[in-house]
Amino acid sequence: MLNTTKLLNQFHASCGSHTDFIYKVSGKGLTTTQVKEINSIQTATFIKDRLAGISSFGGELKFVSTKNSTFLNNLTLIDSALPQIMAEIVYSFYSSTNTKLTDLVADLSIKNPMNFDVSEHHPFYLYKVKRLLTDIALGMMPSKVWTGDLEATGGYLVVKEDGEILAYHIYNRNDFEDYLFNNTKLDTASTTRYEFGVIYEQDDVQFINLNLQIRFIK
């Protein structure tokens with residue numbers, strides 16, 4: 001049996017800048033004064049307020065890539081649409097009050113930024129995010145090449161905060177995926193340690209990085 005709680009915690013611990021998503025500040029270009037004003041925001045919700053500042057000055061964020069190419073390729077291996085989907089989820093997390101993946105995915109499904117054909121109610125976003133969570137729980141790390149080879153043999157163990165152990169047989173994969181999805185959230189890493197949430201410039205183009213952190217809801 002595989003301890004998936006340990007692996008999810010290991011993924012969280014190994015994230016750091018490996019799980020940064022890079023966004024280009026497009027639309028109306030920001031002036032040097034505006035960039036300084038936005039980067040100087042130091043409120044309790046300063047990342048959310050900085051994103052609001054970018055929007056107020058006519059800027060829009062467009063996903064470019066992840067900072068780490070291995071993480072990008074791991075996401076693409078799981079599903080080619082996952083990099084863009086997770087970029088949308090990460091942006092939504094930092095620009096709203098939603099933290100639970102259930103809420104973030106529900107909101108994304110309504111907006112449907114990928115323009116999937118939802119006329120027959122296919123759960124595109126839900127399915128793909130569950131695939132990501134399952135692969136993380138079964139061994140995928142952001143900075144290591146993921147081949148899809150699962151570490152589990154007979155089943156999965158989830159160790160809860162109170163010490164209760166939940167066991168899922170390999171044939172209960174749907175129940176296992178539901179548990180992961182319903183009990184995980186996004187979190188904010190240390191911005192001073194990992195230096196994200198700041199507008200910067202490269203080759204006369206403005207960018208901002210936002211970090212992905214996934215952990216169990218306590």
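Please read these numbers as outputs of a predicted model, since none were measured by experiment. All heavy atoms count here, side chains included; hydrogens, waters and symmetry mates do not. In this chain, numbering begins with 1 at the start of the sequence shown.
- Connectivity analysis of hydrophobic side chains (ILVMFWY, heavy atoms under 4.5 Å, direct or indirect) links L72 to nothing; its cluster partners are none.
- S69 contributes atom OG, which lies 11.0 Å from atom NE2 of H18 (distance to the nearest 0.5 angstrom).
- Pairs passing the ring-ring contact (aromatic ring centres under 6.0 Å, His included) check and including a residue from residues 122-142, sequence neighbours excluded, read F116-F124, F116-Y125, H122-F124.
- Under the side-chain hydrogen bond (donor to acceptor under 3.5 Å, both in side chains) criterion, the residue pairs touching residues 78-97 are D79-K128, Q84-E88, with sequence neighbours excluded.
- The distance from atom CG of L51 to atom OG1 of T45, rounded to the nearest 0.5 Å, is 10.5 Å.
- When side chains are defined from C-beta on, T188 does not count as touching N211, because their heavy atoms never get closer than 4.5 Å.
- A heavy-atom distance below 4.5 Å is found between the side chains of L132 and L75.
- Residues L61 and I54 form a side-chain contact, since some pair of their non-hydrogen atoms from C-beta on lies under 4.5 Å apart.
- N73 places none of its side-chain heavy atoms less than 4.5 Å from the side chain of L77.
- In this structure, N39 CG and L30 CG are separated by 9.5 Å, a value rounded to the nearest 0.5 Å.
- Evaluation of the side-chain contact (heavy atoms from CB on, under 4.5 Å) rule for K62 yields S26, E60 as partners, not counting sequence neighbours.
- Sequence neighbours left out, the pairs with a member in residues 24-65 that pass ring-ring contact (aromatic ring centres under 6.0 Å, His included) are F21-F63.
- Panel note: side chain Y23, backbone A87; a donor-acceptor pair is recorded below 3.5 Å.
- Contacts classified as salt bridge (Lys or Arg N to Asp or Glu O under 4.0 Å) and involving residues 48-57 (residues at least two apart or in different chains) are not found.
- The distance from atom CG of D20 to atom CD of E195, rounded to the nearest 0.5 Å, is 10.0 Å.
- You'll find the side chain of L186 reaches within 4.5 Å of the side chain of I214, heavy atoms only.
- At a threshold of 4.5 Å between side-chain heavy atoms, the hydrophobic network of Ile, Leu, Val, Met, Phe, Trp and Tyr places M114 and I89 in one connected group.
- Grouped with I22 in one hydrophobic cluster are V64, Y200, V205, F207, the linkage being side-chain heavy-atom contacts under 4.5 Å among Ile, Leu, Val, Met, Phe, Trp and Tyr residues.
- Side chains of L82 and T76 form no contact here, defined as non-hydrogen atoms less than 4.5 Å apart.
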Using a 3.5 Å cut-off and no angle test, enumerate the donor-acceptor pairs between side-chain atoms of residues 98-110 and protein atoms at least two apart in sequence or in another chain.
{"from": "D107", "atom 1": "OD2", "to": "K111", "atom 2": "NZ", "distance (Å)": "3.1"}
{"from": "S109", "atom 1": "OG", "to": "V105", "atom 2": "O", "distance (Å)": "2.8"}

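- The shortest side-chain heavy-atom distance between F181 and K130 falls under the 4.5 Å cut-off.
- Annotation: side chain to side chain donor-acceptor pair (under 3.5 Å) contacts of D117 (sequence neighbours excluded): S119.
- Contacts of N74 classified as side-chain contact (heavy atoms from CB on, under 4.5 Å), with partners at least two apart in sequence or in another chain: T70, M140, W146.
- Residues passing the side-chain contact (heavy atoms from CB on, under 4.5 Å) test with S55, sequence neighbours excluded: none.
- Judged as a side-chain contact (heavy atoms from CB on, under 4.5 Å), and not counting sequence neighbours, the contacts of E201 are D204, Q206.
- A 6.0 Å sphere centred on NZ of K185 holds more than 12 heavy atoms belonging to other residues, nucleotides or ligands.
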